[in-house]
*Asks:* 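So that we are looking at the same thing, I have put the structure below in structure tokens.
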Amino acid sequence: EKNKGWKFYNSDKRFIEGKLFGGSFEIMTTHLMYEKYLPKPEEIKGNILLLETAQEMPQSYWIDWVSMILGERGLLDKFEAVIMGRPKTRYFEEKTIEEREKYRKEQKKKLKANMDRYAPSTPVVFDFDFGHTEPISPMPIGGKIKIDTQRQKAKLQY
């Protein structure tokens with residue numbers, strides 16, 4: 001499916017730079033349960049949170065739950081920005097275009113609600129092609145990225 005473009009939320013027309021941290025909601029759930037790889041709130045400054053859904057295609061309540069836990073732990077508002085991967089909408093069962101769009105909208109709605117609650121000034125970029133979607137852009141954890149919210153562009157920095 002062709003990507004219709006990135007959607008910027010809470011964008012205040014600025015440049016954002018940071019180191020990438022995160023992964024799929026499934027991996028973030030594991031991090032939240034075990035706390036082994038979770039950074040402390042004071043270690044997050046300068047990081048950009050990557051979130052995406054894997055082939056399990058979690059329902060929107062999972063996105064709500066994980067982003068709420070990140071907010072309640074005081075982590076969500078410490079990130080410079082959040083980049084949300086364009087959700088995979090096909091796996092074993094074929095869905096109509098309308099069903100796929102509804103699935104994507106529901107996920108955005110849940111993340112936006114928790115961003116508004118826990119991190120209202122943190123920019124979010126939706127529909128980035130990385131992770132388990134197609135086409136895929138590599139997003140190296142620990143790598144750096146620069147986001148221009150005014151021009152709606154992003155560039156990995158190696």
Side-chain angles (χ1 to χ4, degrees), residues 3-54 56-89 101-133 137-157:
N3 190 336
K4 295 176 184 173
W6 303 338
K7 313 289 184 297
F8 284 71
Y9 186 70
N10 287 344
S11 171
D12 61 359
K13 297 183 175 34
R14 62 184 172 131
F15 287 100
I16 304 160
E17 291 185 69
K19 187 170 72 169
L20 298 169
F21 170 80
S24 68
F25 277 89
E26 294 82 352
I27 293 297
M28 290 305 295
T29 301
T30 304
H31 288 335
L32 289 165
M33 285 192 296
Y34 296 118
E35 297 184 341
K36 185 174 180 179
Y37 302 105
L38 247 152
K40 294 177 177 66
E42 61 272 12
E43 298 171 335
I44 291 175
K45 187 157 179 61
N47 285 293
I48 293 175
L49 179 61
L50 289 174
L51 293 172
E52 59 103 9
T53 56
E56 284 84 7
M57 294 176 51
Q59 296 301 310
S60 60
Y61 70 83
W62 197 346
I63 281 64
D64 184 34
W65 179 69
V66 173
S67 58
M68 178 191 67
I69 292 170
L70 287 165
E72 287 293 327
R73 286 184 173 227
L75 300 173
L76 204 54
D77 69 336
K78 302 292 188 275
F79 288 97
E80 300 296 319
V82 176
I83 298 175
M84 176 74 175
R86 187 165 59 112
K88 183 176 187 74
T89 58
E101 282 303 313
K102 181 180 178 189
Y103 179 77
R104 289 182 177 122
K105 283 180 185 177
E106 283 297 314
Q107 286 190 2
K108 286 178 193 168
K109 178 180 171 184
K110 295 297 184 179
L111 184 58
K112 284 178 180 180
N114 281 323
M115 294 304 293
D116 289 346
R117 181 176 178 190
Y118 297 105
S121 61
T122 302
V124 182
V125 182
F126 286 100
D127 295 330
F128 222 89
D129 282 328
F130 77 93
H132 290 81
T133 193
S137 298
M139 297 292 279
I141 302 300
K144 292 187 178 180
I145 192 167
K146 185 174 187 175
I147 303 169
D148 179 344
T149 62
Q150 185 173 11
R151 292 212 224 106
Q152 299 190 348
K153 295 185 178 212
K155 182 178 181 180
L156 287 171
Q157 301 172 316

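These figures come from a predicted structure and were not determined experimentally. Numbering starts at 1 and runs along the sequence shown.
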*Asks:* Return the minimal non-hydrogen interatomic distance between Trp6 and Ala154, and the atom names on each side.
*Replies:*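 Smallest interatomic distance, heavy atoms only, reads CZ3-N, 3.6 Å.
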*Asks:* To the nearest 0.5 Å, how far apart are CE in Met33 and CD1 in Ile69?
*Replies:*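 Those atoms lie 9.5 Å apart.
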*Asks:* Has Lys146 got its NZ or CZ under 6.0 Å from the middle of the six-membered ring of Phe15, at an angle within 45 degrees of the ring axis?
*Replies:*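 Because its charged atom sits under 6.0 Å from the ring centre and within 45° of the axis, Lys146 does stack over Phe15.
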*Asks:* Return yes if some donor-acceptor pair links the side-chain N/O of Arg73 with the main-chain N/O of Leu32 below 3.5 Å, else return no.
*Replies:*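 Indeed, once roles are kept as given, a pair shorter than 3.5 Å links the two residues.
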*Asks:* Assess whether side chain to side chain contact (heavy atoms under 4.5 Å, CB included) is satisfied between Leu49 and Leu76, documenting all intermediate values.
*Replies:* CA-CA 8 Å; Leu49 179 61; Leu76 204 54; 4.0 Å; yes
*Asks:* Salt-bridged, Asp129 to Arg86, with N to O below 4.0 Å?
*Replies:*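 Salt bridge between Asp129 and Arg86, a charged N being under 4.0 Å from a carboxylate O: yes.
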*Asks:* Looking only at atom types and distance, does a side-chain atom of Glu80 sit under 3.5 Å from a main-chain N or O of Gly46, one as donor and one as acceptor?
*Replies:*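 Yes, the answer is positive, given that a donor and an acceptor are paired below the 3.5 Å cut-off.
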*Asks:* Has Lys19 got more than 12 heavy atoms of other residues, nucleotides or ligands less than 6.0 Å from its NZ?
*Replies:*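 Atom NZ in Lys19 is not crowded, with 12 or fewer foreign heavy atoms closer than 6.0 Å.
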*Asks:* Quick one: do Arg104 and Asp127 make a salt bridge, cutoff under 4.0 Å?
*Replies:*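 Asp127 and Arg104: not salt-bridged.
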*Asks:* About how many Å separate CZ of Phe79 and NZ of Lys45, when rounded to the nearest 0.5 Å?
*Replies:*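 So the gap between those two atoms works out to 12.5 Å.
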*Asks:* Could you check whether any side-chain heavy atom of Leu38 comes within less than 4.5 Å of a side-chain heavy atom of Leu75, counting everything from C-beta outward?
*Replies:*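 In contact.
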*Asks:* Just say parallel, tilted or perpendicular for the rings of Phe128 and Phe130, cut-offs at 30° and 60°.
*Replies:*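 Correct class here is perpendicular.
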*Asks:* Taking Asn10 for the side chain and Pro120 for the main chain, is one N or O donor matched with an acceptor at less than 3.5 Å?
*Replies:*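 Yes, the answer is positive, given that a donor and an acceptor are paired below the 3.5 Å cut-off.
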*Asks:* Taking the side chain as C-beta and beyond, is there a heavy-atom pair between Val125 and Thr149 under 4.5 Å?
*Replies:*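 Of all side-chain heavy-atom pairs linking Thr149 with Val125, none is under 4.5 Å.
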*Asks:* Is there a side-chain contact between Val124 and Lys108, using heavy atoms and a 4.5 Å cut-off?
*Replies:*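 A side-chain contact under 4.5 Å is absent here.
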*Asks:* Write down the atom of Gln107, the atom of Ser60, and the distance for their closest heavy-atom approach.
*Replies:*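 Smallest interatomic distance, heavy atoms only, reads N-CB, 4.2 Å.
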*Asks:* Going from CD1 on Ile63 to NZ on Lys112, what distance comes out if it is rounded to the nearest 0.5 angstrom?
*Replies:*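 Reported value, rounded in 0.5 Å steps: 14.5 Å.
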*Asks:* Using every non-hydrogen atom in the two residues, find where Phe126 and Tyr9 come nearest and quote the distance to one decimal.
*Replies:*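 Closest pair (atom of Phe126, atom of Tyr9, distance): CE1-CB, 3.8 Å.
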*Asks:* Is the closest side-chain heavy-atom distance between Lys4 and Glu101 below 4.5 Å?
*Replies:*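 SC-SC contact between Lys4 and Glu101 confirmed.
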*Asks:* Ignoring hydrogens and geometry, is there a side-chain-to-backbone donor-acceptor pair from Lys7 to Gly5 under 3.5 Å?
*Replies:*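 Present.
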*Asks:* Any side-chain heavy-atom pair from Arg117 and Glu72 closer than 4.5 angstrom?
*Replies:*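 Counting from C-beta outward, Arg117 and Glu72 do come under 4.5 Å.
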*Asks:* Tell me, with the steps shown, if Phe25 and Trp65 meet side chain to side chain contact (heavy atoms under 4.5 Å, CB included).
*Replies:* CA-CA 10 Å; Phe25 277 89; Trp65 179 69; over 6 Å; no
*Asks:* So which heavy atom on Pro123 is nearest to which on Ile16, and how close?
*Replies:*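 Of all heavy-atom pairs spanning Pro123 and Ile16, the closest is CG-CD1, 3.4 Å.
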*Asks:* Measure across Glu17 and Ile48 and return the closest heavy-atom pair with its distance rounded to 0.1 Å.
*Replies:*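 That would be C-CD1, 4.0 Å.
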*Asks:* Measuring from Lys109:NZ to Asn114:CG, what's the distance to the nearest 0.5 Å?
*Replies:*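 The distance works out to 12.5 Å.
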*Asks:* Tell me the closest heavy-atom pair linking Gly74 and Pro41, and the distance in Å.
*Replies:*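 Taking every non-hydrogen atom into account, O-CB, 4.0 Å.
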*Asks:* Is the closest side-chain heavy-atom distance between Met139 and Leu156 below 4.5 Å?
*Replies:*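 They are in contact (side-chain heavy atoms under 4.5 Å apart), so the answer is yes.
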*Asks:* Please round to the nearest 0.5 Å and tell me the distance separating atom CG of Leu50 and atom CG of Leu20.
*Replies:*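 CG of Leu20 is found 4.5 Å from CG of Leu50.
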*Asks:* Side chains of Thr53 and Trp62: is there a donor and an acceptor less than 3.5 Å apart?
*Replies:*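 Per modelled atom types, Thr53 and Trp62 side chains form no pair under 3.5 Å.
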*Asks:* What distance do Gln59 atom CD and Glu106 atom CD have between them, rounded to the nearest 0.5 Å?
*Replies:*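 Those atoms lie 9.5 Å apart.
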*Asks:* Evaluate the side-chain proximity of Asp77 to Tyr118: yes if any heavy-atom separation is below 4.5 Å, no if none is.
*Replies:*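 No, too far: nothing below the 4.5 Å cut-off.
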